[in-house]
S.K.: 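Have a look at this one before I ask anything.
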Protein chains: 2
Amino acid sequence: MTLYGGQGDPARTMALLWRAHSPATEDAPRQRTGRAAPGPKQGLTVDAIIEAAIAVADADGMDRLSMRAVGDRLGTSAMALYTYVPSKRELVDLMYDHAHAGWPQTYPTGDAPRSAVLAWADDLWDRYLRHPWLLQVSYARPVLGPHEQSVLESLLGILHGADLPPQSLRPGVSALFHLVRGAAQTAAEGRAAAAATGTSDQQWWTERSALLARLAPDFASRFPHSTALGGASSDMDYDPVRQARRALDGGLRLLLDGLLPPDD
Amino acid sequence: MTLYGGQGDPARTMALLWRAHSPATEDAPRQRTGRAAPGPKQGLTVDAIIEAAIAVADADGMDRLSMRAVGDRLGTSAMALYTYVPSKRELVDLMYDHAHAGWPQTYPTGDAPRSAVLAWADDLWDRYLRHPWLLQVSYARPVLGPHEQSVLESLLGILHGADLPPQSLRPGVSALFHLVRGAAQTAAEGRAAAAATGTSDQQWWTERSALLARLAPDFASRFPHSTALGGASSDMDYDPVRQARRALDGGLRLLLDGLLPPDD
DNA sequence: GACAACTCCGTACGCCGTAAGCTAATGTCT
DNA sequence: AGACATTAGCTTACGGCGTACGGAGTTGTC
């Protein structure tokens, strides 16, 4: 199920999200009271925690991400993290933003906004497949961090050059995000399913068909169009990542036909 | 985080999914051994469990859906459910399919496939907003039940009439699903956030802006396009559901411009 | 030297999914 | 009628989770 973000204390979360990037708030829980700073030195940093958490999620998946697991990786306990991070939810928010770091500031457009959009989508697709747990964090979250913001900003930069009808901008942006995200999710989950069950994609698919044929022998007559669509041609590609990627490319083509003038 | 479905024993899951709809397997765990049926009468049914679980998810959200909660609602314990359903994962799969029940078999197309697609998308949007937890179940799941299958089948029926280039069919279908699902997710989560915090959408938005202005005073110069996009006009609509719906309508328009000939 | 502020973190609580196994009910077979 | 295999229902319990709470130890200021 989707993990909803942005639910803790918004001020605290946003301070953490924008902390290093803002000239105003230098850093740290330490600074919260305006006064000095007694007490032991801090042994961890928020960034170290974020990176450890991302490492856990990348390696073992979001299901296995727990405060205890992050603590283990850092050689401490789960509770030690709570000095730096108010809760797991906030940590996920921070992970989410951090995983979008290093995004290109701009994409070369020239006279070809279409290929720039495709490059942007390709980068986002890569990012999602590299950190599939990103797709399990709600993207309707309203607490945006600086790195996520860059992803949006770079797309807007591309579209700014193309002369869109102004009322197409917002829907176009939403649609592009939804398409990439949806396709990447399909790909990531197909890949994960194959890895989890250990059966090849083709093998798995034929087993499923046999089962369906037995349980629902009238399938073909009840769902003729689905049957036609699923009809396996001999050169069928069972790899879920390639399938999803092809669907994404096609979907982007259709959408951009409606959105942009053709590159030339 | 997204709950991955379709991971239990596929044969058992599919038998449950297609059970009532198939002439072959009459029903029930009872029947699994070919032999007769000693032991106490069964006091529950799979359908009752599914419906109770959906009621819990509708009322309290997916986070609060637990086997114990479903058991409580049925006046029994959590463990009593395991006679009927192999695990929570399978139960979620069954819930997912069941929540798509009653889908229109066909949409009137006439010469207007475009409006038929829009009606289909509208129905799906409604369904998602009525059962927002559906959006937290992965839709890349390959174990399809009969009701989900009808959703796809009806769309294919519409598109069959329009003469699409054949290579546009799959990407078009994927894109339509992704658009509706993405928009509904944005809407549902915005709605949930407003309900959870108790602040009005407008109030919440202005607080967020003030916070951002303080933490990242250089926001406008670093993200000029985002700033321009977010620029609040006086007649701005803060309601997240309406916003997402408008984005969906616009996105569908763009996509269908690329996909279909205009209705007339 | 006193004290306040702070970090660190062990313990514990109430959740969760579900494995294991007992009890009692029911059918078939002798 | 009685024996017995099979099954549903359910209790108990285990190992996980997020995190509240509070004690212990460390560091700065007065």
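All chains are named by letter (A, B, ...) in the order of the sequence lines, taking the proteins before the strands, and each is independently numbered beginning at 1. Values below: every heavy atom of this structure, side chains too, minus hydrogens, waters and symmetry copies.
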S.K.: Within this structure, what is the CG-to-P distance between A:Leu74 and C:dC9, rounded to whole angstrom?
M.R.: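 Answer to the nearest Å: 11 Å.
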
S.K.: Looking at B:Tyr84, does any N or O in its side chain come under 4.0 Å of the phosphate oxygens OP1/OP2 on D:dG9?
M.R.: yes

S.K.: Taking atom C1' of D:dT11 as reference, at what distance in whole Å does atom CG of B:Leu81 sit?
M.R.: 15 Å

S.K.: I'd like to compare against my own output: the B/S/- annotation of nucleotides 10-18 of chain C with a strict under-4.0 Å heavy-atom distance to protein.
M.R.: BB----BBB

S.K.: Quick one: ring pair (Phe, Tyr, Trp, His ring centres under 6.0 Å) partners of A:Tyr128, sequence neighbours excluded?
M.R.: none

S.K.: Find out whether B:Leu81 and B:Leu44 are in side-chain contact, i.e. whether some heavy atom of one side chain is under 4.5 Å from a heavy atom of the other.
M.R.: yes

S.K.: Using salt bridge (charged side-chain N to carboxylate O under 4.0 Å, His left out) as the criterion, list what pairs up with B:Arg245, not counting sequence neighbours.
M.R.: B:Asp122, B:Asp249

S.K.: Using whole Å, what does the distance between atom C1' of nucleotide D:dG16 and atom CG of A:Asp60 come to?
M.R.: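 Whole-Å distance recorded here is 15 Å.
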
S.K.: Once you round it to whole Å, what is the distance between C1' of D:dC10 and CG of B:Asp72?
M.R.: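 It is 14 Å, rounded to the nearest whole Å.
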
S.K.: Return the set of residues passing side-chain hydrogen bond (donor to acceptor under 3.5 Å, both in side chains) with B:Asp58 (not counting sequence neighbours), or none when no residue passes.
M.R.: B:His131, B:Trp133

S.K.: Sequence neighbours left out, what passes salt bridge (charged side-chain N to carboxylate O under 4.0 Å, His left out) with A:Arg242? Give chain and number order.
M.R.: A:Asp237

S.K.: With sequence neighbours excluded, what pairs up with B:His100 under the side-chain hydrogen bond (donor to acceptor under 3.5 Å, both in side chains) test?
M.R.: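 With neighbours one apart ignored, the set is empty.
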
